[in-house]
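Keep in mind that the numbers below use all heavy atoms, side chains included, and drop hydrogens, waters and symmetry copies.
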Amino acid sequence: MLSLIKLPRVFTINQVPKVFHEDSIISGYRHPRSSATDCILSLFQLTNETLNIWTHFLPTWYFFWKLLTVVLMQDVWRDSFTWPLLMFLMSCCVYPLASSCAHTFSTMSTRARHICFFFDYGALSLYSLGSAITYSAYVIPDKWVNSLFHQYYIPIAVVNTVICTALACYSRLGLPYIQYNHDIIKRFSECKSPKFGKFLRILAFALPYLFDNIPLFYRLFLCVGEGCTDNDTNALHHTHIVMAFLTAFLFATHLPERLAPGSFDYIGHSHQLFHVFGIIGTHFQMEAIEQDMVTRRPWLLTYSLPITFTNTLGAALLSVTLSLGIIFLFSLPLLWSATQGEHTEKKTQSHPIAKGCQYH
């Protein structure tokens, strides 16, 4: 069937606007003003985004299956102890799905690209909060249970999601209406200062990750004596941490394509590996969380903070509401100008433009 459908063309780096350029990726770019249909069809042809999409789209269904398993096999409506796990698994479904959608539709226009990745950043922020909620419920070492840090851990994690989403969105164009408005970019843009934008995004996601893992790092590397929760689950936590740092390394360094530009355009470049190791790390994180949940349940139900709507679903709903508000604020100038420039895009739909930082 696909052989009867005309698949979209692919282009080289010199044929697309700079905002679409990826470091050391020379070919395999899609049309910078692809239709939604072309974006979907590109899933079934080899471009430099194809594996980025599939390496997150397929794992979405694995985590969705895990979520359904918990819902169907646990008494989730009456057993509040399962609620943190549910929130974590929901965030594990959301972040790869948002990522795959962002990579799929990011070539509809430059405006669409920015908005797609705004949602991607919001989903990653939610995942960081899902991790914090489960760490507070199941992973925090015995010594810290009911401590002042434990009591303020979730509220601070919610604040971190807001900072993460805002800083990551800011890294693309700046402040809406102040530093970019309609077709004017007054500050740096991603295509003019990609390294600075990349640094801000690394900072945006490093902050919640490092904070969320303070209880785990203390439990694994610093705690001595009684109350350190030294059990068989620690091996899984170690594996997750290794995968997380490998994921960050790949995201920051653009290896291996930086060593041989053009050789990894379609298969094996750092963003694909970043997705793969990120998903593997999430899998080990999930296994560790589930094991801690089972083995520590009796003790935690007796001595730990009660698990309530407020520190699980309530915190997640607040985070989602604030993140969506931030995304809307950063997207509004782009959405408004998109309606103004619609006639311009129609005129140039058939030819890619290899200019600088135009919005179209």
>> Check the SG atoms of Cys101 against those of Cys116: under 2.5 Å or not?
In response: no

>> I'd like to check Phe284 versus Val242 (side-chain heavy atoms, cut-off strictly below 4.5 Å). Are they in contact?
In response: no

> Taking C-beta and beyond as the side chain, do Asn311 and Thr308 meet within less than 4.5 Å on heavy atoms?
Replying inline: yes

> Which atoms form the tightest heavy-atom contact between Ser128 and Ser125, and what is the distance?
Replying inline: OG-O, 2.6 Å

> For the residue pair Gly225 and Cys228, what are the closest heavy atoms and their distance?
Replying inline: O-SG, 3.3 Å

>> Check whether Trp144 reaches the backbone of Phe149 with its side chain - one donor and one acceptor, N or O, closer than 3.5 Å.
In response: no

> Has the side chain of Gln272 got a donor or acceptor atom that lies under 3.5 Å from a matching backbone atom of Tyr266?
Replying inline: yes

>> Tell me whether Leu313 shares a hydrophobic cluster with Leu89, the cluster being built from Ile, Leu, Val, Met, Phe, Trp, Tyr side chains joined at under 4.5 Å.
In response: yes

> salt bridge (Lys or Arg N to Asp or Glu O under 4.0 Å) between Asp79 and Arg297: does it pass, once the steps are laid out?
Replying inline: CA-CA 12 Å; Asp79 184 6; Arg297 178 178 179 127; 3.0 Å; yes

> Does Phe81 share a hydrophobic cluster with Met90, counting links as ILVMFWY side-chain heavy atoms below 4.5 Å and allowing steps through other members?
Replying inline: yes

> Which word best sums up how the rings of Tyr95 and Tyr127 line up, parallel for under 30°, tilted for 30 to 60°, or perpendicular for over 60°?
Replying inline: tilted

>> Could you report the tightest heavy-atom contact between Ile327 and Cys169, atom names first, then the distance?
In response: CG1-SG, 4.5 Å

> Taking only residues two or more places apart in sequence or in another chain, which ones pass side chain to side chain donor-acceptor pair (under 3.5 Å) with Thr134?
Replying inline: none

> Is there a donor-acceptor contact under 3.5 Å linking the side chains of Ser323 and Thr165?
Replying inline: yes

> Do you know which two heavy atoms are closest between His21 and Ile13, and how far apart they sit?
Replying inline: NE2-O, 2.8 Å

> About how many Å separate CG of Leu126 and OG of Ser91, when rounded to the nearest 0.5 Å?
Replying inline: 5.5 Å

>> Under 3.5 Å, is there a donor on one side chain and an acceptor on the other for Tyr62 and His283?
In response: yes

> Hey, does Ser263 have a side-chain heavy atom less than 4.5 Å from the side chain of Glu257?
Replying inline: no

> Do the side chain of Asp120 and the main chain of Ala102 share a donor and acceptor less than 3.5 angstrom apart?
Replying inline: no

>> Angle between ring planes, His56 versus His275, binned at 30° and 60°: parallel, tilted or perpendicular?
In response: parallel

>> Treating Thr50 as the side-chain partner and Thr47 as the backbone partner, does any N or O pair qualify as donor plus acceptor under 3.5 Å?
In response: yes

> Among side-chain atoms of Arg30 and Ser42, is any donor-acceptor pair under 3.5 angstrom?
Replying inline: yes

>> Testing Val162, Ile163, Thr321, Leu167 one by one against Ile326 for a side chain to side chain contact (heavy atoms under 4.5 Å, CB included), which residue passes?
In response: Val162

>> Does Tyr153 form a ring-ring contact (aromatic ring centres under 6.0 Å, His included) with Phe211? I'd like the steps, not just the answer.
In response: CA-CA 9 Å; Tyr153 179 65; Phe211 175 80; 5.4 Å; yes

> Are more than 12 heavy atoms from other residues, nucleotides or ligands located less than 6.0 Å from atom CZ of Phe217?
Replying inline: yes

> Of the non-hydrogen atoms in Ile279 and Pro96, which two are nearest, and what is the gap between them?
Replying inline: CD1-CB, 4.3 Å

> Any chance CG of Asp75 has more than 12 other-residue heavy atoms, nucleotides or ligands included, within less than 6.0 Å?
Replying inline: yes

>> I want to check something: taking the side chain as every heavy atom from C-beta on, are Tyr121 and Arg172 in contact at a cut-off of under 4.5 Å?
In response: yes

> Does the Glu49 side chain pair with the main chain of Thr104, one donor and one acceptor, at a distance under 3.5 Å?
Replying inline: no

>> I'd like to know if the side chain of His31 reaches the main chain of Val10, judged simply by a donor and an acceptor atom lying under 3.5 Å from each other, with no hydrogens or angles considered.
In response: no

> Just by distance, do the side chain of Asp38 and the backbone of Thr107 share a donor-acceptor pair under 3.5 Å?
Replying inline: no

>> Suppose we screen for side chain to side chain donor-acceptor pair (under 3.5 Å). Which residues come up paired with Thr239, at least two apart in sequence or across chains?
In response: none

> Using 30° and 60° as the class limits, which term best fits the ring planes of Phe274 and Phe251: parallel, tilted or perpendicular?
Replying inline: tilted

> Would you say the side-chain atoms of Tyr138 pair up with the backbone N or O of Leu85, donor to acceptor, closer than 3.5 Å?
Replying inline: yes

> Which residues satisfy the side chain to side chain donor-acceptor pair (under 3.5 Å) test with Thr12, sequence neighbours excluded?
Replying inline: Gln15

>> Quick one: does any side-chain atom of Lys143 pair with a main-chain N or O of Val224 as donor and acceptor, under 3.5 Å?
In response: yes

> What orientation do Phe117 and His103 show, parallel under 30°, tilted 30 to 60°, or perpendicular over 60°?
Replying inline: perpendicular

> Should the ring pair Trp61 and Phe64 be called parallel, tilted or perpendicular, given that the plane angle runs from 0 to 90° and is split at 30 and 60?
Replying inline: perpendicular

> Is the backbone of Phe328 close enough, under 3.5 Å, to the side chain of Ser331 for a donor and an acceptor to pair up by distance?
Replying inline: no

> What closest approach, in Å, do Phe63 and Cys92 show between heavy atoms, and which atom pair accounts for it?
Replying inline: CD1-O, 3.5 Å

> Are Glu22 and Arg113 within salt-bridge range, i.e. N to O under 4.0 Å?
Replying inline: yes

>> I'd like to know if the side chain of His254 pairs up with that of Lys198 as donor and acceptor (distance under 3.5 Å, no hydrogens or angles considered).
In response: yes

> Going by the angle between their ring planes, with limits at 30° and 60°, are Phe221 and His238 parallel, tilted or perpendicular?
Replying inline: perpendicular

>> side-chain hydrogen bond (donor to acceptor under 3.5 Å, both in side chains), that's the test. Do Asp265 and Ser27 meet it? Break it down for me.
In response: CA-CA 6 Å; Asp265 291 353; Ser27 60; 2.7 Å; yes

> Can you tell me if Arg219 and Asn231 form a side-chain donor-acceptor pair at under 3.5 Å?
Replying inline: yes

